[in-house]
Amino acid sequence: MKFFVTVSILLAALAFSACNNSKTYIELRKEEDNAIDKFLSSDDHWVSNLPADGEEFETAENSDNPPYYKLEDGVYMQIQSIGYLDSTNTFFVSGDKVYFRYTRMSLTSWADGTISTSGNMSDASGSSDTYYFSYNPSVTGSTYSVYYEYGLGIEYPLKYVGNGALLYLIVPSKMGFSSEVSSVVPYLYKIKYNLKEN
């Protein structure tokens, strides 16, 4: 009986210790904000507002150091290749079935010195055919993000880039994969969009 009581006390102490070491949601959000700020202020990165009407985006195609453009809800994009217009002289339109390939890295881990990536960018098996969404440009706001499997963050650039576009995208947790919103981890994506899987 004495052994059982001792083990119970040790387990209770470990459980209490584990609870005390866990971070609150507010602490996780602050950690997320700090990681995003740290990334945006590193390696000559810089932030810009969207260009005014009639002005061109700076991209890797026309600039040595294009900015991270600030979009809605804490999303940022750096355009590598802007893509192209379709036969109607538009970019993506509502209802388009948009396939995407991506590689992503946790910015929280990056800020702590750990770099690891995941995604389907180099997957040639055909399983990446399942990574698509039906584009709806009228839906915005982080409150809608939980209703979409991949979150709304990856849809926001489609107002400004075309089929075949390649870009880097910073997506805060509230705008990310619906299964990961509660983990409060921001990601840096390298993402390519296509109307047809290729």
Side-chain angles (χ1 to χ4, degrees), residues 25-26 28-37 39-40 45 47-51 57 59 66-83 85-86 90-110 117-121 123 127-197:
Y25 180 72
I26 292 171
L28 290 171
R29 286 297 306 274
K30 184 163 182 56
E31 189 175 77
E32 175 180 44
D33 292 342
N34 289 341
I36 292 171
D37 290 344
F39 180 81
L40 287 172
H45 296 150
V47 174
S48 177
N49 291 321
L50 293 169
F57 280 94
T59 73
Y68 275 84
Y69 288 105
K70 186 173 185 178
L71 305 179
E72 300 168 66
D73 298 308
V75 177
Y76 295 85
M77 70 172 177
Q78 183 190 59
I79 304 170
Q80 300 298 296
S81 174
I82 203 158
L85 301 170
D86 65 15
T90 58
F91 283 154
F92 295 99
V93 296
S94 184
D96 276 345
K97 189 175 185 180
V98 181
Y99 291 88
F100 65 97
R101 288 183 174 268
Y102 73 96
T103 300
R104 68 180 186 160
M105 173 183 71
S106 160
L107 287 179
T108 306
S109 296
W110 171 86
T117 60
S118 61
N120 70 346
M121 187 69 85
D123 180 10
S127 64
S128 60
D129 294 357
T130 60
Y131 287 86
Y132 68 86
F133 53 86
S134 293
Y135 180 46
N136 185 348
S138 64
V139 178
T140 61
S142 59
T143 55
Y144 289 98
S145 182
V146 295
Y147 299 110
Y148 292 85
E149 183 178 359
Y150 306 119
L152 285 175
I154 64 170
E155 294 190 33
Y156 283 179
L158 299 188
K159 295 177 185 176
Y160 313 105
V161 300
N163 190 15
L166 176 68
L167 50 97
Y168 287 102
L169 192 64
I170 294 173
V171 179
S173 59
K174 66 182 181 179
M175 301 306 297
F177 284 26
S178 60
S179 61
E180 300 173 346
V181 170
S182 62
S183 63
V184 197
V185 175
Y187 284 94
L188 173 69
Y189 286 75
K190 182 177 184 180
I191 190 164
K192 183 176 184 182
Y193 303 102
N194 287 101
L195 285 171
K196 195 169 162 184
E197 172 58 15

message = Test side chain to side chain contact (heavy atoms under 4.5 Å, CB included) on Asn194 and Asn163; report intermediate values, then the result.
response = CA-CA 5 Å; Asn194 287 101; Asn163 190 15; 3.7 Å; yes
task = Begin with the C-alpha distance, continue with both residues' side-chain angles, and end with the deciding distance and a verdict on side chain to side chain contact (heavy atoms under 4.5 Å, CB included) for Leu188 and Tyr168.
result = CA-CA 7 Å; Leu188 173 69; Tyr168 287 102; 4.2 Å; yes
key: Trace of the side chain to side chain contact (heavy atoms under 4.5 Å, CB included) decision for Leu158 with Phe133   = CA-CA 12 Å; Leu158 299 188; Phe133 53 86; 3.6 Å; yes
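Under a 3.5 Å cut-off, the side chain of Tyr131 and the backbone N or O of Tyr150 do not form any donor-acceptor pair. Formation of a donor-acceptor pair under 3.5 Å by the Arg104 side chain with backbone atoms of Ser118 is not found in this model. Side-chain N or O atoms of Asp96 include none that pairs as donor or acceptor with a backbone N or O of Tyr135 at under 3.5 Å. No donor-acceptor pair closer than 3.5 Å links the side chain of Asn136 to the backbone N or O of Ser94.
Inter-residue side-chain proximity for Leu166 and Ile191 is flagged as unmet; no heavy-atom pair is nearer than 4.5 Å. Under the 4.5 Å side-chain criterion, counting only non-hydrogen atoms from C-beta, Leu152 is not in contact with Asp73. Using a 4.5 Å cut-off on side-chain heavy atoms (C-beta onward), Glu31 and Thr108 make contact. Contact annotation: the side chain of Tyr69 approaches that of Pro51 to within less than 4.5 Å [non-hydrogen atoms, C-beta and beyond]. The shortest side-chain heavy-atom distance between Leu50 and Met77 falls under the 4.5 Å cut-off. In this structure the side chain of Val171 never reaches within 4.5 angstrom of the side chain of Tyr156, judged on heavy atoms.
Atoms CZ and CG, from Phe92 and Leu195 in turn, are 5.0 Å apart once rounded to the nearest 0.5 Å. Expressed to the nearest 0.5 Å, how far OH of Tyr76 lies from OG of Ser48 amounts to 11.5 Å. To the nearest 0.5 angstrom, Asp33 atom CG is 11.5 Å from Leu107 atom CG. Once rounded to the nearest 0.5 Å, the distance linking CG of Leu71 with CD of Glu155 reads 12.5 Å. Note that CG of Leu28 and OG of Ser182 are 9.5 Å apart. Values are rounded to the nearest 0.5 Å. Once rounded to the nearest 0.5 Å, the distance linking CG of Leu167 with NZ of Lys192 reads 11.5 Å.
Here the closest non-hydrogen pair linking Val181 and Gly176 is CG2-O, 4.3 Å. For Tyr193 against Ile154, the heavy-atom pair with the smallest separation is OH-O, 2.6 Å.
Remark: Lys30 NZ is loosely packed, at most 12 non-hydrogen atoms of other residues, nucleotides or ligands lying under 6.0 Å away.
Aromatic ring orientation, Tyr189 versus Phe177: tilted (interplanar angle from 30° to 60°). Ring geometry for Tyr68 versus Phe39: interplanar angle over 60°, hence perpendicular rather than tilted (30 to 60°).
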